[in-house]
**Q** 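Below is one structure. I have some questions about it.
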Amino acid sequence: MNPPNSDSPIQNLLKLTSDLRSPEGCPWDKEQTHTSVIPHLLEETYEVVDTIERGDDAHLREELGDLLFQITFHSQLAMERGAFSFDDVANDVFQKLVYRHPHVYGNKEGIGSGEEVLTQWDLLKQKEKENKGIDSSDRSILAGIPKALPAIQRSEKIQSKVTKHGFDWPTVSGVFQKFQEEIGELDVELQKQGSLQSKKLNYDPNIEDELGDLFFLLVNLSRKLSIDPETCLRRANEKFESRFRTLEGLVEQTGKNLKDYSLEDLDRFWDQAKLQLRNI
């Protein structure tokens, strides 16, 4: 079988995807279903995010291609079932985006900010659902938020939705005060478990409940501070990883291992690592 070779890169990719699924194609690709390739779709999505955050254009181009292949693959699976094609996917999103941008393709008056665009977007989205008869039994403003979203992202979407309907603290200080209150409630439950000097406490559903409230409030506080919570946590992860890798390098220079040092010693290496990275 020869590789596709037309004047259209997207047609080449669509033909390649079809070839992989054909009787003469790839055994692995022929075995896959929409469900089985979900992990690959998620992985490719996060790899795109990673290259964007690193400002790596060379790899961003590559990762966007990998993500595009995931779209063509799911479209191929759907076409084999007689559900829809890639052209249907492309045309649907084209029509939807034209409809949801009347300030660009229609009446350009009355929209002066990004916040107004988002408000209009939600109204048009709800109108679409009503016209299609979607979610007619669920009238909640929270309807349509995917349950499969990562918890932090879903929490942010829930809170953004209810905020638009006035269910929110009016100031940042209100959220911060509630956060301190929830820390106190968590402390009460922790004290019931035993000494906080323990290396690790046993699982307790009440502690989980209070800790969940803190996570939820942190997402709200992030939103109030105009900070994306997912990005914030990813950057904190990256910062910790960078410092710890530097710490490992400092320990390695001594000819010893991490376990050869006490926690106090490692704390001193940690401070050295922070200082070293700050001076770079």
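Remember, it's a predicted structure, so these values are computed and weren't measured experimentally.
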**Q** As an exercise, state the distance from CG of Asp267 to OG of Ser262, rounded to the nearest 0.5 Å.
**A**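 Going from CG on Asp267 over to OG on Ser262, the span is 8.5 Å.
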**Q** Do the side chains of Ile152 and Glu156 get nearer than 4.5 Å, heavy atoms only?
**A**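 Answer no - side chains too far apart.
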**Q** May I ask you to decide whether Arg223 forms a salt bridge with Asp228, counting only side-chain N to carboxylate O separations under 4.0 Å?
**A**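 Not counted as a salt bridge, because no side-chain N and carboxylate O are separated by less than 4.0 Å.
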**Q** With side chains defined as the heavy atoms from C-beta onward, is the minimum distance between Leu201 and Leu190 less than 4.5 Å?
**A** yes
**Q** Once salt bridge (charged side-chain N to carboxylate O under 4.0 Å, His left out) is applied, do any residues pair with Arg235, and if so which ones, sequence neighbours excluded?
**A**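 If we apply the salt bridge (charged side-chain N to carboxylate O under 4.0 Å, His left out) test to Arg235, skipping adjacent residues, there are no hits.
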**Q** Test of understanding: with side chain to side chain contact (heavy atoms under 4.5 Å, CB included), list the residues that count as partners of Asp187, not counting sequence neighbours.
**A**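 Side chain to side chain contact (heavy atoms under 4.5 Å, CB included) list for Asp187, sorted by chain: Gln191, Leu196.
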**Q** Sequence neighbours left out, what passes side-chain hydrogen bond (donor to acceptor under 3.5 Å, both in side chains) with Glu241? Give chain and number order.
**A** Arg245
**Q** Under the rule for side-chain hydrogen bond (donor to acceptor under 3.5 Å, both in side chains), what residues qualify as partners of Glu80, not counting sequence neighbours?
**A** Arg21, Gln76
**Q** Of all residues at least two apart in sequence or in a different chain, which pass the ring pair (Phe, Tyr, Trp, His ring centres under 6.0 Å) check with His101?
**A**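 In terms of ring pair (Phe, Tyr, Trp, His ring centres under 6.0 Å), with neighbours along the sequence ignored, His101 is linked to His103, Trp121.
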**Q** Tell me, yes or no, whether the heavy-atom count around Lys30 atom NZ, taken from other residues, nucleotides or ligands under 6.0 Å, exceeds 12.
**A** yes
**Q** List in chain and number order the residues that pass side-chain hydrogen bond (donor to acceptor under 3.5 Å, both in side chains) with Ser226, two or more places apart in sequence or in another chain; answer none if no residue qualifies.
**A** none
**Q** Scan for ring pair (Phe, Tyr, Trp, His ring centres under 6.0 Å) pairs involving residues 170-206, sequence neighbours excluded, and state none if there are none.
**A** none
**Q** Do Tyr46 and Pro150 make a side-chain contact, defined as non-hydrogen atoms from C-beta onward lying under 4.5 Å apart?
**A** yes
**Q** Of all residues at least two apart in sequence or in a different chain, which pass the side-chain hydrogen bond (donor to acceptor under 3.5 Å, both in side chains) check with Gln272?
**A**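 Partners of Gln272 under the side-chain hydrogen bond (donor to acceptor under 3.5 Å, both in side chains) test: none.
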**Q** Is a salt bridge present between Lys178 and Glu182, judged by a nitrogen-to-oxygen distance below 4.0 Å?
**A**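 Salt bridge between Lys178 and Glu182, a charged N being under 4.0 Å from a carboxylate O: yes.
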**Q** Let me confirm one number: the CD-CG distance from Glu252 to Leu247, rounded to the nearest 0.5 Å.
**A**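 Here the interatomic distance stands at 11.5 Å.
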**Q** Output all residues satisfying salt bridge (charged side-chain N to carboxylate O under 4.0 Å, His left out) with Arg243, sequence neighbours left out; order by chain, then residue number.
**A**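 Result, salt bridge (charged side-chain N to carboxylate O under 4.0 Å, His left out) vs Arg243: none returned.
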**Q** Sequence neighbours excluded, which residues qualify as ring pair (Phe, Tyr, Trp, His ring centres under 6.0 Å) partners of Phe269?
**A**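 Applying ring pair (Phe, Tyr, Trp, His ring centres under 6.0 Å) to Phe269 gives Tyr261.
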**Q** Can you confirm whether Phe69 sits close enough to Leu20 that some side-chain heavy atom of one is under 4.5 Å from a side-chain heavy atom of the other?
**A**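 Yes, close enough: below the 4.5 Å cut-off.
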**Q** Could you list the residues that satisfy salt bridge (charged side-chain N to carboxylate O under 4.0 Å, His left out) with Asp19, not counting sequence neighbours?
**A**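 Applying salt bridge (charged side-chain N to carboxylate O under 4.0 Å, His left out) to Asp19 gives Lys15.
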**Q** For Arg61, I'd like to know if atom CZ has over 12 heavy atoms of other residues, nucleotides or ligands within 6.0 Å.
**A** no
**Q** So, taking the atom named OG1 in Thr45 and the one named CG in Leu67, what distance separates them when rounded to the nearest 0.5 Å?
**A**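 Interatomic distance, Thr45 OG1 to Leu67 CG, rounded to 0.5 Å: 5.0 Å.
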**Q** Taking side chain to side chain contact (heavy atoms under 4.5 Å, CB included) as the definition, give me every residue that meets it alongside Asp50, ordered by chain and number, with sequence neighbours left out.
**A** Arg54
**Q** Give me the atom names and distance for the closest heavy-atom approach of Ser155 to Phe216.
**A**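 Between these two residues, the closest heavy atoms are OG-CD1, 3.2 Å.
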